[in-house]
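In this chain, numbering begins with 1 at the start of the sequence shown. Just so you know, ligand 1 is whichever comes first in the structure, and atom 1 is the first atom listed for that ligand. Please read these numbers as outputs of a predicted model, since none were measured by experiment.
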Amino acid sequence: MNIHEMTVETLYEKIQSKEIKPSEVVGALFDRIEASDEAIGSFLFVNKEEAMKQAEALDRLQEEDRMEGPLFGIPMGIKDNICTKDILTTCASRMLEDFTPVYDATVMEKLNDANAVMMGKQNMDEFAMGGSTENSYFKNTRNPWDLKAVPGGSSGGSAAAVAAGFVPFSLGSDTGGSVRQPAAFCGVVGMKPTYGRVSRYGLVAFASSLDQIGPITRNVRDNARILELISGSHNKDATSKPGMDHQFLDGIDKDLSGMKIALPKEFIGEGISTEVEESIRKAAETFESLGATVEEVSIPHTKYVVSAYYLIASSEASSNLARFDGIRYGYKAEGTETLEEHYKKTRAEGFGEEVKRRILLGTFVLSAGHYDQHYIRAQKLRGVIEREMKGLFSEYDLILGPTTPTPAYDLGEKSDDQLEMYKDDILTIPANLTGMPALSIPSGLSASGRPIGLQLIGNHFDEKKIYNAALKFEEQFNLHEELKTLQLEVQ
Ligand SMILES: NC(=O)C[C@H](N)C(=O)O
């Protein structure tokens, strides 16, 4: 097996048994990145020099039998809105083109302590606003399955890099689907954990009540393993929940008899492509053949979630992004005379179109007279959706549905119509509005050979149940096992 096809688990075993050296792993993946990432565009910054140095230091520890840390020598990619000490963190924005954090995000501290090797920072939609990575200030990313297609977004670089075999795992962030949707488009596994499971300290804030960091991997086991390692509260993120159990791998292999799965009819109804619907119905049969029961249910307010999300997320963004004012840090406009002119010019030049659109929408929504009519109503809807979904969990273990209404579309196909892209988030948003955990795993390929993703949503802090069901499903259908990772020949 080639190094780029190996999972985190396999790489770990081979390094621990001294079959391969960390520098061989890291070197092989940089070779692949150098040969193929020009066509894919998944990395904004490749950390070759530092990573090679670190890998060689790990080689020496390996020689001395001191292979400590649960990710000893395992390469990783990081979305470019997660702060990495002394390494550029741009959020794919002109505003932060030169921004180098002086501290590591909590998740980075944990992964560095685990002895993982940071291969580089990955492309994304600017400030995580978008669903195709076409809103990056720097460049587009392409889908490794089909270079005409978008990789999804906003964590498009992270998902594409895992699918292309550049890294065995990446971290993304998910506000309205940004880990799960690109995972679905790129045929990989992506988890949006329960809100509060993972510390957000050091994640550049977009919409603080919705944002969560989550792992993107090639299989379920790896995903559970990485989530175990990045979970945990931090005193600098008051919304991260202390005292929770973060063990997922233990007992993940239980059979599914007795498990009850709900399939909301709204998730496979209007607006969902036939191919996607068929794939999910087939998946439901697979779950039944594994001993679970699947029943059709209803989440009646599903049709309002997109509006509620874009009102709430934009409101929070308008407040969070106020800090980029051309004075404290980030881009500074030249040749301005007054303070007000400086603010205006900096923000007009530093932010891209979609970010400005959301700041304007959010500011409008929060202004006197509109607050009650829009913001408060959106928050009420959030409560209604949570009640409807919580209600289901009193009877069912998991909620099943597609991750996205369609497989990946072509670059440029929707970029002129953001509203079309907003609508596509209908299936991923419920988990963010309610704070519930949700995982996307591949469930098939479309007729044109593009991956289709299946989503499993769980009750708060029920990630283990999700992983259990996903693992059993993956034993029946594993895109990467079937195809032996993507054979990228774009050199
Ligand atoms: N950030 C996300 O989770 C993606 C979502 N499509 C948005 O643009 O808000």
Side-chain angles (χ1 to χ4, degrees), residues 79-82 91-93 122-137 141 150-159 170-186 190-193 195 198 200 203-216 305-321 351-362 365 378 382 403-406 408-409 413-415 417-440 453 455 457:
K79 185 176 182 179
D80 211 21
N81 60 352
I82 296 175
C91 290
S93 179
Q122 291 160 329
N123 200 17
M124 55 185 280
D125 286 298
E126 184 178 2
F127 284 104
M129 297 176 190
S132 65
T133 311
E134 291 166 294
N135 294 339
S136 166
Y137 170 65
T141 298
V150 298
S154 65
S155 316
S158 303
S170 292
L171 290 190
S173 67
D174 191 313
T175 308
S178 272
V179 162
R180 290 161 288 156
Q181 185 256 28
F185 280 10
C186 291
M191 172 65 111
K192 197 285 290 181
Y195 185 78
V198 178
R200 289 182 295 111
L203 168 69
V204 179
F206 160 14
S208 309
S209 77
L210 301 158
D211 300 338
Q212 265 299 282
I213 296 169
I216 299 176
V305 298
V306 173
S307 319
Y309 168 82
Y310 278 93
L311 292 173
I312 294 168
S314 302
S315 300
E316 294 186 19
S318 74
S319 156
N320 274 328
L321 272 60
F351 289 135
E353 201 182 309
E354 179 60 16
V355 175
K356 282 189 247 187
R357 187 178 295 125
R358 300 217 194 173
I359 292 173
L360 288 173
L361 173 64
V365 168
R382 197 172 179 175
T403 308
T404 59
T406 66
Y409 41 86
E413 200 178 316
K414 296 194 182 184
S415 47
D417 189 354
Q418 294 289 326
L419 211 56
E420 271 305 304
M421 271 202 225
Y422 293 180
K423 284 197 229 155
D424 287 346
D425 295 342
I426 186 163
L427 300 162
T428 44
I429 284 172
N432 301 86
L433 289 179
T434 58
M436 290 166 181
L439 179 85
S440 179
Q455 185 179 213
I457 307 174

Note every protein N or O atom lying under 3.5 Å from an N or O atom of ligand 1, pairing the names and giving the distance.
{"unit_1": "ligand 1", "atom_1": "1 (N)", "unit_2": "Ala128", "atom_2": "O", "d": "2.7"}
{"unit_1": "ligand 1", "atom_1": "1 (N)", "unit_2": "Ser178", "atom_2": "OG", "d": "2.8"}
{"unit_1": "ligand 1", "atom_1": "3 (O)", "unit_2": "Thr175", "atom_2": "N", "d": "3.0"}
{"unit_1": "ligand 1", "atom_1": "3 (O)", "unit_2": "Gly176", "atom_2": "N", "d": "2.5"}
{"unit_1": "ligand 1", "atom_1": "3 (O)", "unit_2": "Gly177", "atom_2": "N", "d": "3.2"}
{"unit_1": "ligand 1", "atom_1": "3 (O)", "unit_2": "Ser178", "atom_2": "N", "d": "3.0"}
{"unit_1": "ligand 1", "atom_1": "3 (O)", "unit_2": "Ser178", "atom_2": "OG", "d": "2.7"}
{"unit_1": "ligand 1", "atom_1": "6 (N)", "unit_2": "Gly130", "atom_2": "O", "d": "3.3"}
{"unit_1": "ligand 1", "atom_1": "6 (N)", "unit_2": "Tyr310", "atom_2": "OH", "d": "3.4"}
{"unit_1": "ligand 1", "atom_1": "6 (N)", "unit_2": "Asp425", "atom_2": "OD2", "d": "2.7"}
{"unit_1": "ligand 1", "atom_1": "8 (O)", "unit_2": "Gly130", "atom_2": "N", "d": "2.8"}
{"unit_1": "ligand 1", "atom_1": "8 (O)", "unit_2": "Arg358", "atom_2": "NH1", "d": "3.2"}
{"unit_1": "ligand 1", "atom_1": "8 (O)", "unit_2": "Arg358", "atom_2": "NH2", "d": "2.7"}
{"unit_1": "ligand 1", "atom_1": "9 (O)", "unit_2": "Tyr309", "atom_2": "OH", "d": "2.6"}
{"unit_1": "ligand 1", "atom_1": "9 (O)", "unit_2": "Arg358", "atom_2": "NH1", "d": "2.9"}

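- At distances below 3.5 Å, at least one donor-acceptor pair connects side-chain atoms of Asn432 with backbone N or O atoms of Thr175.
- At a cut-off of 3.5 Å, with distance as the only test, no side-chain donor of Lys79 or Ser158 sits close to an acceptor on the other residue.
- A donor atom on one side chain and an acceptor atom on the other are not found under 3.5 Å apart for Gln418 and Arg357.
- Checked by atom type, the side-chain pair Thr403/Ser440 shows a donor-acceptor distance below 3.5 Å.
- From Lys192, atom NZ reaches atom OG1 of Thr428 across 10.5 Å, with rounding to the nearest 0.5 Å.
- In this structure, a donor-acceptor pair under 3.5 Å is absent between the side chains of Gln181 and Thr404.
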